[in-house]
Novice: 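Take this structure first; my questions come after.
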Amino acid sequence: MIQTRRTITLGLVAALGAVLLNPVRALAAWNDGAFKARSTMDGMKALGISNPQDSSDIVIRAPEIAENGAVVPIDVTSNIPGTTSISVFIEKNPFPYTGSFEFAAGAVPFVHLRAKVGESTPVRVVVAAGGKFYTAAKDVKVTIGGCGG
Amino acid sequence: MKLKTLALLAGGATVLASCATGPGGTHREAVRLMQRDFKPVGIATMDRLKQDEVQAACNQYSNNPPPDVAATLQKKQLAGIKWPADGKLLGNWKEGEKIAQRGRGMAWNDKPGKTSRGESNGGSCYNCHQIGPATTSFGTIGTSLYQFGKARGYSEGVQRYAYGKIYNAKAYNLCSQMPRFGHSNSLTEQQMKDLTALLMDPASPVNQ
Amino acid sequence: MADPMKIRATLQGDVADVRVLMAHPMETGQRKQAGKVVPLHFIQTITATLNGKQVFAADISQAISRNPVFAFKVKGAKAGDKIAITWKDNTGDTRSDETTVRGDS
Amino acid sequence: MRHALMVGLAAALAAAPWLTASAQTEDEVNAEFEKFRAVLEQDNPAELWEVKGEQLWKTPRGPKKASLEKCDLGLGPGVVKGAYAQMPRYFADVDRVMDAEARIVHCMITLQGYQYADLAKAPFSSATRTPDPVSIVTYVAAQSEGMKFAPPQSHPKEREAYALGKEIFNFRGGPWDFACASCHGLEGKKRIRTQLLPNFADPATAIAAVQAWPGYRMTGGVMHSLQWRLTDCFRQQRLPKPDYTSETLSLLMTYLTVNASGQTYKGPGIKR
């Protein structure tokens with residue numbers, strides 16, 4: 001899936017990429033366009049993320065099957081040197097872009113968050129490091145069972 | 001340790017507390033307190049706290065009534081079943097599947113015969129039973145109904161058993177945990193026919 | 001007035017493990033109450049400082065769960081250091097709280 | 001979404017004889033739930049209400065401008081530590097058994113001058129409002145974390161409460177003939193849909209009735225107490241509604257908590 005995105009978003013690197021790379025509070029303004037994007041691809045485009053390389057140095061810990069989609073715990077650790085930000089996309093949510101987490105020198109590139117997940121979906125993470133983008137994803141299944149009362 | 005002993009003593013029977021009143025007295029006192037402390041909400045009126053003879057007997061005998069008591073009461077329950085006037089017991093299994101999936105109805109915010117969302121009452125069947133093969137989130141309080149008709153045959157006798165059991169489970173097993181859907185006016189005749197079809201129509205996924 | 005956050009910062013070696021609970025409805029703008037849609041109401045930005053120097057920042061959406069929980073880690077922290085966290089929501093409401101880094105327990 | 005439970009496993013189920021497949025995957029699913037339940041419990045939003053409840057307990061409030069620091073939860077005026085794990089218990093001043101929330105409400109009325117009618121008007125949490133007694137009982141409960149449940153059974157009224165609570169637990173009524181015991185008094189590992197039903201009558205599993213309450217409920221993101229949970233049980237039983245902090249609820253809580261005696265309370269928890 002990412003492959004197709006790569007080609008489409010390739011041209012936007014120069015224009016938007018630089019915005020993300022400042023160490024802290026790079027997202028000086030809350031990125032309305034990215035948060036209103038209806039697809040992961042459009043969200044990435046708005047954030048200037050392009051050409052992310054698959055990376056096994058991004059570790060995503062999230063439930064295979066979540067007990068309640070209202071509160072899905074997600075841990076992301078980036079083992080990529082020079083990581084400056086971690087962005088999270090819940091692909092099947094109405095607005096997939098869920099947030100970006102920025103780390104200054106000294107902060108360990110790790111974040112724990114809890115998100116609403118509407119239906120079973122890949123959770124995609126994009127890491128910015130050294131002017132490049134890296135990505136990994138993990139599938140989360142959502143269940144809501146229980147009595148009819 | 002001391003507490004455990006006390007808990008065991010108290011749990012063993014209603015011995016300690018009810019020596020003055022006897023077990024039946026404790027039950028009566030509990031019911032009196034519930035009737036004092038509960039308030040009606042919408043269709044959930046106070047008469048719901050008045051036990052009928054089946055509920056009372058099942059409480060009295062801890063859901064394990066002596067055979068003669070069970071036989072007498074079951075006979076009365078069976079006699080109260082209203083069979084469809086047109087003699088047809090099978091409705092539409094597709095509708096039956098929807099009714100089996102739905103679990104709402106008869107509670108505080110619901111309307112007579114309708115849920116608060118305006119749907120007809122559900123049968124909550126999947127809450128307790130395995131039924132169609134597509135639903136894996138089924139409960140296990142009741143027996144599996146998968147292949148109900150296929151296993152028992154599609155005779156009119158089995159159809160009658162299925163319809164009757166849905167209408168009044170207590171006519172067949174006095175202290176069954178299953179609600180009496182017809183007896184309590186929770187489901188309509190058509191809904192019970194649809195559920196019977198879900199179990200008994202050879203075309204129903206239940207019987208594939 | 002927004003309710004206080006609960007922040008915990010515990011040293012593990014020279015890394016402070018910071019965990020924060022925030023009281024916020026995080027309304028998605030989809031939920032209905034008494035037939036009316038409850039408008040979007042959610043935290044948009046979070047910043048964290050160590051002794052006044054910014055170490056962590058986040059921009060988030062309404063998809064973060066109600067009463068948000070976050071954890072992050074700050075290297076080079078010492079017992080007694082101050083961790084301060086500020087959030088700001090889409091209505092302009094904001095809340096800041098701080099805590100002191102505690103040593104290994 | 002409701003019956004999407006384990007829908008992702010449909011493929012696996014179709015491939016294998018599905019009863020066995022279902023049993024296996026069900027254990028796996030529960031193990032996964034447990035694992036992440038622990039993650040969620042590590043930072044539980046319930047703590048936000050502990051903080052708020054503590055503030056409410058200690059601040060002079062109400063028409064009488066009094067704090068709750070003279071409230072007797074059974075261990076003496078103002079003693080909060082360990083009180084929750086030893087309730088419900090008999091209180092001579094009201095000549096009845098009270099659970100923690102009932103006692104807190106009693107103290108709010110007698111010490112602070114609040115009116116029962118006002119407190120009982122909307123006693124349960126919504127998305128936008130957590131009633132004060134819910135925050136306070138969360139604070140009080142947190143002060144029993146790590147302690148063993150030990151509701152006293154020494155007073156005759158406490159033993160009577162257990163016996164009456166047991167009757168209420170087993171009472172079959174309403175249009176669907178349900179009792180609490182219809183779901184929570186069953187032997188064997190029964191389920192409703194995929195929800196396991198612990199047997200509260202069995203001391204081995206009874207702890208499940210009271211553990212993790214008060215609890216932060218992920219659905220809706222609200223804080224709820226046992227008062228709410230037991231009231232909702234009666235709704236699901238299709239019975240009328242018990243009055244807030246009524247004796248009936250304290251009696252039922254006595255039965256449930258005594259059955260869990262000796263088991264360790266882990267403090268306010270997190271619920272599905």
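Labels below follow one simple rule: chain letters A, B, ... track the order of the sequence lines, proteins then strands, and each chain is numbered from 1. Heavy-atom basis, side chains included; hydrogens, waters and symmetry copies ignored.
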Novice: Nearest 0.5 angstrom please: A:F35 CZ to C:N90 CG, how far?
Specialist: 11.5 Å
Novice: Let me know if C:V15 has heavy atoms under 4.5 Å from chain A in its side chain, its backbone, both or neither.
Specialist: side chain
Novice: Check A:F110 against C:A71 and note the closest heavy-atom contact, atom names and distance.
Specialist: CE2-O, 3.7 Å
Novice: Determine, stepwise, if the pair A:W30 / C:K88 fulfils side chain to side chain contact (heavy atoms under 4.5 Å, CB included).
Specialist: CA-CA 11 Å; A:W30 190 82; C:K88 193 174 175 189; over 6 Å; no
Novice: Hey, what do you get for CG (C:D59) to CD (A:E102), rounding to the nearest 0.5 Å?
Specialist: 7.5 Å
Novice: A:K36: which residues meet the side chain to side chain contact (heavy atoms under 4.5 Å, CB included) condition with it, sequence neighbours left out?
Specialist: A:D32
Novice: Evaluate the side-chain proximity of C:V74 to A:V108: yes if any heavy-atom separation is below 4.5 Å, no if none is.
Specialist: no
Novice: Please determine whether side chain to side chain contact (heavy atoms under 4.5 Å, CB included) holds for the pair C:M26 and A:K116, giving the CA-CA distance in whole Å, both sets of side-chain angles, and the decisive distance to 0.1 Å.
Specialist: CA-CA 10 Å; C:M26 299 301 286; A:K116 300 168 193 138; 3.8 Å; yes
Novice: Are C:F56 and A:F103, when compared by the centres of their aromatic rings, separated by less than 6.0 Å?
Specialist: yes
Novice: Could you go through C:I46 and A:F101, starting from their C-alpha distance and side-chain angles, then the distance that decides it, and tell me whether this counts as side chain to side chain contact (heavy atoms under 4.5 Å, CB included)?
Specialist: CA-CA 9 Å; C:I46 301 161; A:F101 305 89; 5.9 Å; no
Novice: Around atom NZ of A:K138, are there more than 12 heavy atoms of other residues, nucleotides or ligands at under 6.0 Å?
Specialist: yes
Novice: Please give me the minimum heavy-atom distance between A:L113 and C:F70, naming the atom from each residue.
Specialist: CB-CE2, 3.7 Å
Novice: So, for A:T98 and C:A63, which heavy atoms are closest and what is the spacing to 0.1 Å?
Specialist: CG2-CB, 4.1 Å
Novice: Is there a donor-acceptor contact under 3.5 Å from the side chain of C:S65 to the main chain of A:A70?
Specialist: yes
Novice: Could you work out, with side-chain hydrogen bond (donor to acceptor under 3.5 Å, both in side chains) as the rule, every residue matching A:D75, not counting sequence neighbours?
Specialist: A:H112
